Amino acid sequence: MYRLILLDDEEFVIKGIQKVYDLPKYGFEVAGAFTSPIDALEHFEELEPDLVITDVKMPAMDGLEFAGEVKKLYPDIEVVILSGYDDFSYAQAAVKLGVSDYLLKPIKRDDFIAMLTRMYDKIEEKRLHETSYQALEQLVEDNFVELVNRFYLRLAEDNYFDEHLYEAIKDRGLSDFKDEDFLLIKMDMGQVSTVGDYMSEIGRIIQEIEMTLLDYGKVFSFWSDESLYVVVYDLNTEQYEEICDSVSALAETARFRDFSFSIGFSDIFRGLENLFFAYADCVRQIFFQEANIDTASEAETLESRAVNVTLPYSEIEKLFQAISLNDEDGINASLDQIYVIPEQDIPIVSRDYVSSITFLIRLRIYQTQGRYSAEEEIVKREHLDLRRISRECPTLEDQKAVARDASLALAALMMKGQEGSTSKTVLAALKYIDNHFSENISLQEVADNINISKNYLCDIFKKEIGVTFINYVTSKRIDKAKWYLEHTDMKMYEVSGAVGYNDYAYFSQIFKKNTGVTLSSYRRNL
């Protein structure tokens with residue numbers, strides 16, 4: 001039940017609203033009724049209303065002035081104005097003040113009930129949103145594993161060094177390779193059809209890769225909902241090929257366990273600040289692998305043309321960040337930086353260099369567009385051909401123009417795909433996860449049940465929550481396991497099965513990694 005304040009200088013109006021409308025039926029209880037705006041403001045803090053319904057025409061302070069004071073002091077409170085003025089300027093002023101609704105007197109019963117329903121839904125969504133996000137913030141604060149994962153993920157994918165987070169976790173076991181050579185491995189998850197627990201299978205794959213690579217140097221991993229990342233540092237750079245072969249062999253084994261991966265290996269970089277460029281290097285390699293759309297040699301041709309010249313991979317990443325924000329100025333600025341012929345002597349035809357850039361942009365758009373529409377194709381398969389690009393767009397300006405048109409079209413498609421309330425989508429996802437986290441749950445299953453694409457769900461999970469699906473589900477399972485340990489006499493292996501892990505040994509490892517103590521120690525210390 002949400003709290004409502006009624007304000008009108010005519011007391012019979014206040015009594016009439018309470019008599020005519022069964023307010024509790026629509027989710028509201030009257031916390032206070034006032035005939036003076038000054039009195040209402042004085043009691044606001046103690047009454048803590050969620051909704052205020054006020055008249056416009058009142059002595060001392062009219063309804064618009066009152067609404068302005070309320071929104072200034074309590075911006076989250078919903079305000080509805082009732083007015084006998086059929087004047088657009090009043091409604092316009094109300095909108096500018098942040099008023100939620102504006103009803104004309106005499107008020108029709110259906111209109112008033114519709115308003116109450118809208119206000120209830122709006123407040124309900126806001127409260128659910130706040131509750132969910134407070135829980136998620138607490139989850140992150142309480143979970144060192146998630147903090148570390150968030151730090152590396154933002155540094156790798158967004159080139160954002162979170163200084164505050166770095167200082168908070170650097171003395172608590174952060175794998176720091178500030179002055180070390182390192183290799184980044186990026187594994188994009190493709191088709192997944194595991195019959196075992198999805199979360200456990202991913203965990204086992206990460207463990208196997210880390211154990212294998214310990215022979216070559218220091219190893220740690222982090223992950224998003226689409227990719228697994230492994231960093232090898234303090235390594236012998238002469239073993240680069242051997243490392244790549246070992247991981248590729250493991251990935252082949254993983255394929256037989258119902259997972260498939262596209263893998264990118266970065267060159268050797270030095271220092272934490274270069275993690276983003278290692279990420280871009282991995283993305284480039286995966287691009288080349290997946291470029292075999294029309295001919296098997298297309299990726300090799302592109303690779304050979306790029307050998308003696310540096311293609312602007314980091315600028316292409318900035319372009320796609322601008323696309324994701326629907327930032328037309330940012331898109332234009334990035335393209336201006338991308339389509340510049342390097343001043344140094346290029347041992348290839350300039351047109352081939354420019355075509356290689358256009359190819360990479362088109363390929364990235366081709367890979368992205370399917371996330372937001374199954375029907376709308378900005379870039380078609382046949383457009384991914386270097387020879388066709390060179391033939392159809394003979395000048396640098398031609399290619400820059402087609403890249404701009406495609407980029408703006410993708411930005412529009414992404415915005416269209418995000419229409420409606422992303423908050424509602426996230427809440428629907430969280431609700432489904434909360435009801436099914438102890439089952440064999442996957443991101444694809446969640447997306448299917450709330451009728452959006454898996455990739456779009458990944459995007460909004462990352463942007464709105466900042467916690468990966470994998471870590472969110474793991475935390476829900478750990479919290480439930482703690483509850484069983486505290487409130488039941490269930491055996492440890494029974495707790496493991498009850499929260500979704502069929503492998504008790506693996507569950508024990510996950511529990512200790514996330515809590516710092518073993519299952520038996522946790523129960524003993526209660």
Side-chain angles (χ1 to χ4, degrees), residues 143-153 156 172-175 177 182-190 192-235 239 242-265 282 437 440-443 467-478 481 492-493 495-497 499-519:
N143 193 329
F144 177 71
V145 173
E146 175 57 39
L147 289 176
V148 173
N149 197 73
R150 173 184 285 196
F151 172 77
Y152 282 120
L153 198 57
R172 295 174 57 196
L174 176 71
S175 298
F177 50 100
F182 73 91
L183 160 68
L184 178 67
I185 304 164
K186 182 177 190 284
M187 304 177 66
D188 288 351
M189 288 180 278
V192 178
S193 55
T194 176
V195 294
D197 179 52
Y198 171 83
M199 311 294 295
S200 300
E201 288 299 315
I202 290 175
R204 288 194 191 95
I205 290 169
I206 293 172
Q207 283 183 339
E208 285 187 32
I209 293 172
E210 288 183 342
M211 291 298 294
T212 299
L213 294 179
L214 282 174
D215 292 335
Y216 303 101
K218 296 177 181 177
V219 182
F220 72 93
S221 59
F222 57 99
W223 49 86
S224 68
D225 289 321
E226 297 176 295
S227 304
L228 308 179
Y229 296 93
V230 181
V231 175
V232 187
Y233 67 105
D234 192 17
L235 75 166
Q239 294 180 303
E242 192 176 336
I243 292 172
C244 296
D245 290 343
S246 297
V247 174
S248 296
L250 274 177
E252 285 299 325
T253 303
R255 284 191 178 92
F256 292 112
R257 289 202 310 243
D258 305 318
F259 281 80
S260 64
F261 295 102
S262 297
I263 309 176
F265 301 92
C282 291
F437 67 84
N440 179 19
I441 189 174
S442 68
L443 192 71
V467 177
T468 64
F469 166 79
I470 293 171
N471 284 352
Y472 182 72
V473 173
T474 299
S475 294
K476 295 293 293 185
R477 289 178 168 185
I478 296 297
M492 303 301 180
Y493 71 86
V495 172
S496 175
V499 299
Y501 293 104
N502 298 323
D503 185 334
Y504 168 63
Y506 176 70
F507 170 63
S508 298
Q509 295 173 28
I510 290 294
F511 188 89
K512 184 175 181 180
K513 184 177 181 181
N514 282 271
T515 65
V517 296
T518 64
L519 287 157

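Values reported hereafter were calculated over all heavy atoms of this structure, with side chains retained and with hydrogens, waters and symmetry mates removed. For clarity, every value in this text was computed on a predicted model and none was experimentally measured.
- Here Phe469 pairs with nothing under the ring pair (Phe, Tyr, Trp, His ring centres under 6.0 Å) rule; sequence neighbours left out.
- With sequence neighbours excluded, the residues that form a side chain to side chain donor-acceptor pair (under 3.5 Å) with Tyr216 are Glu242, Ser246.
- Atom CZ of Phe265 is separated from atom CG of Leu184 by 10.5 Å, given to the nearest 0.5 angstrom.
- Under the rule for a side chain to side chain donor-acceptor pair (under 3.5 Å), the partners of Tyr229 that lie at least two apart in sequence or sit in another chain are Glu157.
- Listed by chain and number, the residues in a side-chain contact (heavy atoms from CB on, under 4.5 Å) with Ser496 are Tyr501, Tyr504, Phe507 (sequence neighbours excluded).
- A 4.5 Å side-chain heavy-atom check between Thr212 and Val247 finds every atom pair outside the cut-off.
- Between the side chain of Asn514 and the main chain of Ser475, no donor-acceptor pair closer than 3.5 Å is present.
- Partners of Phe151 by ring pair (Phe, Tyr, Trp, His ring centres under 6.0 Å), not counting sequence neighbours, listed by chain and number: Phe161, Tyr166.
- The minimum heavy-atom distance between Ala251 and Met187, with the atom names listed, is CB-CE, 4.2 Å.
- The two residues Lys186 and Cys282 make their nearest non-hydrogen contact at CB-CB, 3.6 Å.
- Residues Ile202 and Met189 are in side-chain contact: their nearest non-hydrogen atoms beyond the backbone lie under 4.5 Å apart.
- Here the shortest heavy-atom pairing between Ile478 and Phe511 reads CD1-CA, 3.8 Å.
- To the nearest 0.5 Å, the span separating CD1 on Ile263 from OG on Ser227 amounts to 11.5 Å.
- Scanning for side chain to side chain donor-acceptor pair (under 3.5 Å) contacts around Thr518 gives Ser520, Ser521, with sequence neighbours left out.
- Side-chain contact between Ile470 and Asn149: absent, with no pair of heavy atoms (C-beta onward) separated by less than 4.5 Å.
- Within the 4.5 Å cutoff, the side chain of Ile209 has no heavy atoms near those of the Ile185 side chain.
- Judged as a side-chain contact (heavy atoms from CB on, under 4.5 Å), and not counting sequence neighbours, the contacts of Asp234 are Glu180, Lys218.
- The ring pair (Phe, Tyr, Trp, His ring centres under 6.0 Å) test applied to Tyr152 returns Phe220, Phe222, not counting sequence neighbours.
- Judged as a salt bridge (Lys or Arg N to Asp or Glu O under 4.0 Å), the pairs with a partner in residues 502-512 (not counting sequence neighbours) are, in order, Arg204-Asp503.
- Annotation: side chain to side chain donor-acceptor pair (under 3.5 Å) contacts of Thr515 (sequence neighbours excluded): none.
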